[in-house]
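Everything on this sheet refers to the single structure shown next.
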Amino acid sequence: MPALRSSRTHFGTAAVAASVLVLSACAQSSPDPDVAFGDALPGASLRASVGDAVTVVGVSDGDLWPSCWSDDDALYAANGDGAGFGNEFFDIAVNRITGSPTDANGLEGEFLAGGDGVGQVWWGEGFTRKPTGMLCVAGTIYLAVQDLKLDFNEAPAATIARSDDHGKTWTWEASAPMFDDGVFTTVWFADYGRDAEHAPDPAYAYAYGLDGNWRDSFDDSVADPTELFLARVPVESVQDASTWRFYAGEPGDAEPTWTDDIAAKRPVLIDERVQHPGDGDAEDGQTVGAQNLTVISQGGVTYLPKLDRYVYASWTELTFEFYEAPAPWGPWTLFLSEDFGPYPWTDDRYGGYGTTIPSKFVSDDNLSMWVQSNVCPCAPAGMSSYWFGLRSLHLSQEG
């Protein structure tokens, strides 16, 4: 077990009084021979086993936690609605995390910036800022910031902030959002490891996006995402929307097709499955869903160079949905759908939202890694996991 670096007694949605991450986890590297893998799903080259619950807990405050691994060997992660690793509540905050969940000395977290220092709200009253994705490349850090309705059921605008001093200060175009009208407004970047060292073309960053909302809208006030989109942008002009090119081919084409017309973009993944189908209708403004949940949501895409596979971590909260692909544009194949069952959950087994796989914590053989996800105290889940929290994910490659 990693050693405790310090202790704190305050958990939950209130501010956290210190900046040190306390761990409770056993070291994991290559898959343990006792890990049980289910049968491979049709067309999948990977099998997987995901932990029942978070086993590495950062004594922090907040959710979402998109991240990137920078040139200074630190993980930078942004949280929504919490103090992060600081002691003051923000709707959005940026933090620096050092160490590893498998280190004997554990990890440490530090609050860097929050609120108006990170981004702005474009749509005014009734909306808030949310972090959806981060990119570390050439020593610069980028953060995708989204306008989200307070009931979590509409994402009309997004822009990207930039930091040239490792997360302390941020700049962005303040006159207009980069993306609006609910088109490509949930944005995250492909994670290519430390300072994007495994990027297929170092001149470009790849970004994924959703239209309408960041997940199933529950009350159907906007269209539920069933399509995942892809864009490519020169790393020297990430904040210039005019230089973004959107995928316009078929999923898995031998050669990608790009367009500068966002209206002409085409999905790289379509999945119209619905988890936990039911007969009831959601109420207007309902913030927590328990049935009829679509499976394409704000998550993360991590490249595993030893396996030459991209992994997209998605979710419905009641389920985790993991996909693999040989290229950024697919074809994407579901390799794990883990159902944690309806509410209420127990502390021994639960799902979550905002699933990501930080590349910094992937084992050398790329077969073991850690999934970050959250459970909000606002959900009728019977428990919560509202902090930087990791659970294990083991892979087995077929053939």
Side-chain angles (χ1 to χ4, degrees), residues 11-13 36-39 41 47-55 57 62-65 80-81 130 148-155 186 210 212-226 228 271-300 312-323 334-357 370-387 389-393:
F11 286 74
T13 57
F37 295 100
D39 294 336
L41 297 182
R47 294 184 298 157
S49 177
V50 68
D52 287 338
V54 165
T55 56
V57 175
D63 64 356
L64 301 176
W65 301 99
D81 289 341
K130 294 288 186 178
L148 187 64
K149 198 172 181 180
L150 290 174
D151 66 7
F152 311 144
N153 287 332
E154 183 182 1
T186 300
L210 306 179
N213 206 26
W214 65 303
R215 47 87 166 130
D216 188 294
S217 73
F218 299 158
D219 67 0
D220 296 325
S221 55
V222 295
D224 296 329
T226 60
L228 178 67
D271 193 337
E272 297 178 334
R273 289 180 299 129
V274 173
Q275 295 285 24
H276 288 261
D279 299 328
D281 294 327
E283 299 178 0
D284 290 346
Q286 181 176 327
T287 60
V288 176
Q291 60 181 3
N292 301 320
L293 303 173
T294 52
V295 296
I296 302 298
S297 303
Q298 173 188 326
Y312 166 37
S314 189
W315 54 277
T316 68
E317 192 160 347
L318 302 185
T319 69
F320 286 170
E321 310 287 335
F322 290 170
Y323 304 79
L334 183 73
F335 70 88
L336 177 65
S337 181
E338 183 77 11
D339 192 340
F340 295 93
Y343 305 134
W345 291 326
T346 69
D347 289 332
D348 294 326
R349 180 169 167 80
Y350 53 88
Y353 60 90
T355 47
T356 60
I357 300 171
W370 300 86
V371 177
Q372 200 294 134
S373 65
N374 301 106
V375 180
C376 182
C378 63
M383 47 71 63
S384 67
S385 182
Y386 202 73
W387 38 69
L390 302 172
R391 71 180 75 197
S392 63
L393 174 66

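We use all heavy atoms of the structure for the numbers below, so side chains are in, but hydrogens, waters and symmetry mates are not.
Just one of Y350, Y353, F340 meets the ring-ring contact (aromatic ring centres under 6.0 Å, His included) condition when paired with F320; it is F340.
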Residue pair D63, V375: steps toward the side-chain contact (heavy atoms from CB on, under 4.5 Å) verdict: CA-CA 8 Å; D63 64 356; V375 180; over 6 Å; no
Derivation of the side-chain contact (heavy atoms from CB on, under 4.5 Å) call for K130 and T186: CA-CA 10 Å; K130 294 288 186 178; T186 300; over 6 Å; no
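In this view, R47 and E398 satisfy the salt bridge (Lys or Arg N to Asp or Glu O under 4.0 Å) rule, not counting sequence neighbours. Checked against salt bridge (Lys or Arg N to Asp or Glu O under 4.0 Å), E154 has no partners two or more places apart in sequence or in another chain. Evaluation of the side chain to side chain donor-acceptor pair (under 3.5 Å) rule for S297 yields no partner, not counting sequence neighbours. For the side-chain contact (heavy atoms from CB on, under 4.5 Å) test, residues two or more places apart in sequence or in another chain that qualify with Q275 are R273, V295, T316, T319, E321, S337. Residues meeting the ring-ring contact (aromatic ring centres under 6.0 Å, His included) test with Y323, sequence neighbours left out: Y312. With sequence neighbours left out, D219 forms a salt bridge (Lys or Arg N to Asp or Glu O under 4.0 Å) with no residue at all.
S392 OG to D52 CG: the interatomic distance, rounded to the nearest 0.5 Å, is 8.5 Å.
Counting heavy atoms from C-beta outward, H276 and D339 have side chains that approach closer than 4.5 Å. Looking only at side-chain heavy atoms (C-beta outward), T226 and D271 stay at 4.5 Å or farther from each other. Taking the side chain as every heavy atom from C-beta outward, F218 and D224 never approach each other to under 4.5 Å.
Judged by the 6.0 Å and 45° rule, R215 forms no cation-pi pair with F152.
Proximity of a side-chain donor or acceptor of Q372 to a complementary backbone N or O of L390 within less than 3.5 Å is not detected. A donor-acceptor contact shorter than 3.5 Å links the side chain of S217 to the backbone of V222. For the pair T294 (side chain) and I296 (backbone), a donor-acceptor distance under 3.5 Å is absent.
Here the shortest heavy-atom pairing between V288 and C378 reads CG2-O, 4.0 Å. V54 approaches R391 most closely through the heavy-atom pair CA-CB, 3.9 Å. Across all their heavy atoms, V371 and F322 have their closest contact at CG2-CZ, 4.1 Å. Scanning all heavy atoms of the two residues, the minimum distance from P225 to D216 falls at CD-N, 4.0 Å. Shown here for N374 and W387, the closest heavy-atom pair between the two residues is ND2-O, 2.7 Å. The two residues E317 and W345 have their closest heavy-atom pair at O-CH2, 3.2 Å.
Under the 3.5 Å distance criterion, with hydrogens and angles disregarded, no donor-acceptor pair is assigned to the side chains of D81 and Y386. A donor atom on one side chain and an acceptor atom on the other are not found under 3.5 Å apart for D151 and T287.
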